[in-house]
Participant: 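Structure provided below as structure tokens; questions to follow.
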Amino acid sequence: MQTAHKRARRWHVRLARAGGMLALAGMVLVTSAPVRGAAESEPVSLNFRDADIDTVIGAFGVLLDRTFIIDPRVRGKITLETPGPVSTMEAYKLLLASLRLQGFTIVASGRIAKVVPEADAKLQSGPVGTGRPADEGDRIITQVFQLDFESATNMVPVLRPLIAPNNTISAYPNNNSLVITDYASNLRRIARIIEKLDSPRNAEVVVLPVRYGIATDLAAVLTRLLDDT
């Protein structure tokens, strides 16, 4: 058994769909521990062509050693292939991107993840952060942006067209904040837009003491010069 485990750690893990069953090409293991070890340390090649979504999710459950709960409304086929080996994280990002194209997403909480329609993701217990999102990608998160200068209520109609129709943006006037639920990659773009718009409207005020002239006379002259400019 120890020899088999050593071989499992060296072998390249390949997820494939063969005869309606999931196969880990090149190895057959009795226990689940070598699968977790291989998934964490070895790259994977994805070879799903027109496969059922639940079949693909089941394969990723084995790969990531994570429990996936699939909403009954999540149905369809998916093609997910890579030209060569990729890291486990990259494979998971590809899965999220493919599900997004079908209108579905994954909401993870610890070792349990729910596969749900995009419209329902905002009702699940997803991550909540403040300021610019720390990560990007095709997972739905909720972000709180507190504004310093611009009105949160005025920002809603400006940002609403930039957010996926199934996701939400709300203003909280009490502390002048925006609460937005959307894909992490889009929230990073929205954070940059908010940083640009949330700035002081008035120019800096500079006080210049007048030593010899008369301030009112100088003000009249400077006003004419500014008007001409």
Participant: Do Arg75 and Ile53 have side chains that approach each other closer than 4.5 Å (heavy atoms only, starting at C-beta)?
Facilitator: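 Not in contact.
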Participant: Could you tell me if the side chain of Tyr172 sits less than 4.5 Å from the side chain of Gln146, heavy atoms only?
Facilitator: no
Participant: Would Ile78 and Phe104 count as a side-chain contact (heavy atoms from CB on, under 4.5 Å) if you check the C-alpha gap in whole Å, the side-chain angles of each, and the deciding distance to 0.1 Å?
Facilitator: CA-CA 12 Å; Ile78 192 173; Phe104 307 125; over 6 Å; no
Participant: Any side-chain to backbone donor/acceptor pair from Asp198 onto Asp148? Under 3.5 Å, distance only.
Facilitator: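 Looks like yes, one N/O pair under 3.5 Å.
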Participant: Using a 3.5 Å distance criterion without hydrogens, assess whether the side chain of Ser170 forms a donor-acceptor pair with backbone atoms of Val179.
Facilitator: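 No: the side chain of Ser170 does not pair with the backbone of Val179.
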Participant: Locate the shortest heavy-atom distance separating Val115 from Val74; write the atom from each residue and the value.
Facilitator: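 Closest heavy-atom pair between Val115 and Val74: O-CG2, 3.4 Å.
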Participant: Using a strict threshold of under 4.0 Å (side-chain N to carboxylate O), is an ion pair present between Asp120 and Arg73?
Facilitator: yes
Participant: To the nearest 0.5 Å, how far apart are CZ in Phe60 and CZ in Phe68?
Facilitator: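 The CZ atom of Phe60 sits 8.0 Å away from the CZ atom of Phe68.
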Participant: Please determine which of Arg189, Glu118, Arg139, Arg188 meets the side-chain hydrogen bond (donor to acceptor under 3.5 Å, both in side chains) test together with Tyr183.
Facilitator: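 Considering Arg189, Glu118, Arg139, Arg188, a side-chain hydrogen bond (donor to acceptor under 3.5 Å, both in side chains) with Tyr183 is found only for Glu118.
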Participant: How long is the straight-line distance from CD1 of Ile106 back to CZ of Arg100, given to the nearest 0.5 Å?
Facilitator: 13.5 Å
Participant: Do any N or O atoms from the side chain of Glu150 and from the backbone of Ile194 form a donor-acceptor pair under 3.5 angstrom?
Facilitator: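 Side chain of Glu150 to backbone of Ile194, a donor-acceptor pair under 3.5 Å: no, none is there.
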Participant: Are any side-chain N or O atoms of Thr55 and backbone N or O atoms of Ala51, one a donor and one an acceptor, separated by less than 3.5 Å?
Facilitator: no
Participant: If every non-hydrogen atom of Pro85 is compared with every non-hydrogen atom of Pro43, which pair is closest and at what distance?
Facilitator: CB-CB, 3.6 Å
Participant: Looking at Ser45 and Thr82, what are the two nearest heavy atoms and their distance?
Facilitator: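 Here Ser45 and Thr82 meet closest at CA-OG1, 3.6 Å.
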Participant: For the residue pair Phe48 and Leu95, establish whether any side-chain heavy-atom pair is separated by less than 4.5 Å.
Facilitator: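 SC-SC contact between Phe48 and Leu95 ruled out.
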Participant: What's the separation between atom CG in Leu63 and atom OG1 in Thr88, rounded to the nearest 0.5 Å?
Facilitator: 5.0 Å
Participant: Tell me whether Ser87 contacts the main-chain N or O of Glu90 through its side chain, where contact means a donor paired with an acceptor under 3.5 Å.
Facilitator: yes
Participant: Would you name the heavy atoms of Pro157 and Thr153 that are closest together and state the gap between them?
Facilitator: CD-O, 3.4 Å
Participant: Under the side-chain contact (heavy atoms from CB on, under 4.5 Å) test against Ile190, which residue among Ile180, Ile169, Leu178 passes?
Facilitator: Ile180
Participant: Within the supplied structure, the quantity of interest is the number of heavy atoms (other residues, nucleotides, ligands) at a distance under 6.0 Å from Ile214 CD1; does it exceed 12?
Facilitator: no
Participant: Would a hydrophobic clustering, with Ile, Leu, Val, Met, Phe, Trp and Tyr connected at side-chain separations under 4.5 Å, put Leu162 with Leu187?
Facilitator: yes
Participant: Indicate the atoms forming the closest heavy-atom contact of Thr105 with Ala121, along with that distance.
Facilitator: CG2-CB, 3.6 Å
Participant: Roughly how far apart are Ser199 OG and Phe149 CZ, rounded to 0.5 Å?
Facilitator: 7.5 Å
Participant: Measure the CG-OG1 distance between Asn166 and Thr181 for me, rounded to the nearest 0.5 Å.
Facilitator: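 Answer for the CG-OG1 pair, Asn166 versus Thr181, is 12.0 Å.
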Participant: Does the side chain of Ile193 reach to within under 4.5 Å of the side chain of Leu159, using non-hydrogen atoms?
Facilitator: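 Answer yes - side chains close enough.
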Participant: Please check if the side chain of Asn176 supplies one atom and the backbone of Ser151 the other of a donor-acceptor pair under 3.5 Å.
Facilitator: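 No.
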Participant: Quick check on the hydrophobic clustering: are Leu197 and Leu147 connected, directly or via other members, by side-chain heavy-atom contacts under 4.5 Å?
Facilitator: yes
Participant: Does Thr168 reach the side chain of Ile163, with side-chain heavy atoms less than 4.5 Å apart?
Facilitator: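 Not in contact.
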Participant: Is the closest basic N to carboxylate O distance between Lys114 and Asp71 below 4.0 Å?
Facilitator: no
Participant: Under 4.5 Å between side-chain heavy atoms, counting indirect links through other Ile/Leu/Val/Met/Phe/Trp/Tyr residues: same cluster for Phe145 and Val158 or not?
Facilitator: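 Yes, one cluster joins them.
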Participant: Can you tell me how far the CG atom of Asn186 sits from the CG atom of Asp182, to the nearest 0.5 Å?
Facilitator: 4.5 Å
